[in-house]
Amino acid sequence: MSEEWKGFTTRLLHERYQPEAATGALTLPIFQTSTFVFENPEQGAARFGGTEEGYMYSRLGNPTVDALAERIAILENGEMGVAFGSGMAAISHVMMGLVKKGDHIIASDALYGCTFAFFQSILAERFGVCVSFVDTSDMQKVMDSLRPETTVLYLETPANPTMKLSDIRALAQLVKPHNVKIVVDNTFMSPYLQRPLELGADVVVHSATKYISGHGDVVGGLAVGSKELMTSIKKSFLKDIGGVMGPFDAFLLLRGLKTLTVRMDKHCANAMKVAEFLRDHPAVERVLYPGLPDFPQYELAKQQMNGFGGTLSFEVKGGVEKGRRVMNSVRLCQLAVSLGDVHTLIQHPASMTHAVIPREERLQVGITDGLIRLSVGIEDVDDILQDLDGALSK
Ligand SMILES: *Cc1c(COP(=O)(O)O)cnc(C)c1O
């Protein structure tokens, strides 16, 4: 398919998409194989030597997995994508490819719990990398944290679960002159709603488990960046550490990706209605959703994102006890971590996804004991509202 089509969804479905060469199958087959046969020893040597393109062994590359990696690169407008066995594998392999002992990382202070743990307990405590957790929505604080040995600025925007935004374009302008690479976790937005590379980031990482899959049936990770950097991550870190994605998981993600835009539109529309409903509900203390005009960074959200996403957090009046009662009383919303599923999922960050972060640090960044995170699904929104209303009124 030629590349004359400009619409995001058309490109998602068609750009560089071709029926499978051998059979004409419209949908790419699952190349469920660990190894690939060489025609002769010279060919095997040429492939390992890098003088001939082609497959060798599925930890080094697999056609179904590579097709997914190419698709995410198209959507994020980057040169090259790489797929990993989970979002954490993507984040850890990329970061290991970017930092070495003695380097300094500046990271958002509200982060996905396991990303925080990887930075703190593995990179900092075992591998001699310094990490500063900083409020990256505040340019001055980022500026003040810069050191000569700073090599990476790591952002999650919107941050999980406080929804706080970081201004990717402004931060890129700020740190680029200091030779700092920007990595953005784009899981909450998907490339449909936010494209960090276009705003100046160097690498985008995803937990593909969430909106990219959309169906709650696979764990996977993706990263996109320059050809040079991603090649080195794939041919060194992924090859030798080995957090690869399997072909069947890649197939599920390619399938999920096809409906990304229709799902995201519905997630966004439903989340907006749920946010407004919760904001006006007498039992709710506060709602954190970038699409509400009174959200502190509403203007930035409109500039940086093409939609406000499907995930929000809220706090009920009456603290943890009341929050627990709400989570016990919902009947449609499913009590489960993860997000981006077609089903509405409800969870409690302080005791679940962010339990690894010490309480003091959690409170400081706004992850209060009573905060509830809701990943709004694609059900009929009136049913979601009815379920929440019933639970809140108990
Ligand atoms: C879930 C998630 C991750 C980790 O991804 P896995 O696929 O579970 O390894 C990282 N970042 C964010 C923002 C997430 O929501």
Side-chain angles (χ1 to χ4, degrees), residues 65 68-69 72 76 81-96 105 107-123 133 136 152 154-166 168 183-191 193-194 196 201 203-224 238 241-246 249-250 252-253 256-257 264 267 271 288 290 305 309-313 336-341 345-349 352-357 365 367 371 373-377:
V65 178
L68 172 67
I72 191 70
E76 288 285 6
V82 181
F84 301 85
S86 68
M88 284 319 303
I91 292 165
S92 57
H93 285 67
V94 163
M95 291 306 286
M96 284 188 278
I105 300 170
S108 300
D109 58 3
L111 282 181
Y112 181 71
C114 300
T115 306
F116 173 85
F118 171 66
F119 285 180
Q120 182 72 24
S121 312
I122 300 182
L123 287 185
F133 296 99
T136 50
V152 175
Y154 186 94
L155 306 173
E156 221 179 274
T157 178
N160 180 8
T162 59
M163 308 307 292
K164 198 183 253 186
L165 307 183
S166 298
I168 301 169
V183 180
V184 178
D185 183 333
N186 203 25
T187 301
F188 268 48
M189 288 285 98
S190 87
L193 300 183
Q194 176 172 273
V203 184
V204 175
V205 290
H206 278 283
S207 169
T209 313
K210 317 293 168 54
Y211 289 107
I212 305 257
S213 152
H215 295 72
D217 51 11
V218 57
V219 170
L222 295 165
V224 184
L238 188 55
I241 299 175
V244 291
M245 175 181 284
D249 288 349
L252 289 174
L253 289 165
L257 200 52
M264 290 315 292
H267 282 298
L288 304 172
M305 296 143 55
T311 305
L312 56 90
S313 296
V337 298
S338 197
L339 57 104
D341 195 292
L345 306 179
I346 191 167
Q347 71 110 354
H348 181 227
M352 298 173 187
T353 47
H354 294 69
V356 292
I357 304 174
V365 300
I367 308 173
L371 202 68
R373 191 185 74 191
L374 196 65
S375 167
V376 181

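Every number for a ligand or one of its atoms is a count from 1 in the order of the listing.
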Which atoms of ligand 1 sit under 4.0 Å from any heavy atom of Gly220?
7 (O)

Is Ala89 in contact with ligand 1, taking contact as a heavy-atom separation below 4.0 Å?
no

Whether Phe133 and Phe116 hold their rings parallel, tilted or perpendicular, with breakpoints at 30° and 60°
tilted

Quick one: nearest non-hydrogen protein atom to atom 12 (C) of ligand 1, plus distance?
Asp185 OD2, 3.4 Å

Identified side chain to side chain donor-acceptor pair (under 3.5 Å) partner of Arg373 from the options Asn160, Thr162, Thr311
Asn160

Pull out every atom of ligand 1 sitting under 4.0 Å from any heavy atom of Ser207, numbered as shown with elements.
1 (C), 2 (C), 3 (C), 4 (C), 5 (O), 6 (P), 7 (O)

If you compare all heavy atoms of Gly216 against all heavy atoms of Ser213, which two are closest, and at what distance to 0.1 Å?
N-OG, 3.6 Å

Can you find a non-hydrogen atom of Ile91 under 4.0 Å from ligand 1?
yes

Starting from atom 14 (C) of ligand 1, what is the nearest protein heavy atom, named by residue and atom, and what distance separates them?
Lys210 NZ, 3.0 Å

Closer than 3.5 angstrom, by distance alone: can the side chain of Gln194 be matched with the main-chain N or O of Thr157 as a donor-acceptor pair?
yes

Which pair of heavy atoms, one from Phe188 and one from Tyr211, lies closest together, and at what distance?
O-CE1, 3.5 Å

Any nitrogen or oxygen of Leu339, side chain or backbone, less than 3.5 Å from one on ligand 1?
no

So is there a nitrogen or oxygen of Thr209 less than 3.5 Å from a nitrogen or oxygen in ligand 1?
yes

So which heavy atom in the protein is nearest atom 6 (P) of ligand 1, and how far is it from that ligand atom?
Gly87 N, 3.3 Å

Only heavy atoms of Ser86, strictly under 4.0 Å: list the atoms of ligand 1 that pass.
7 (O), 9 (O)

Nearest protein heavy atom to atom 9 (O) of ligand 1, by residue and atom, and its distance?
Met88 N, 2.9 Å

With no hydrogens and no angle check, do the side chains of Thr353 and Gln347 hold a donor and an acceptor under 3.5 Å apart?
yes

Set of residues satisfying ring-ring contact (aromatic ring centres under 6.0 Å, His included) with respect to Phe118, sequence neighbours excluded
none

ring-ring contact (aromatic ring centres under 6.0 Å, His included) filter on His354, not counting sequence neighbours, yields none

Around atom 4 (C) of ligand 1, find the nearest protein heavy atom and jot down its residue, atom name and distance.
Tyr112 CE2, 3.3 Å

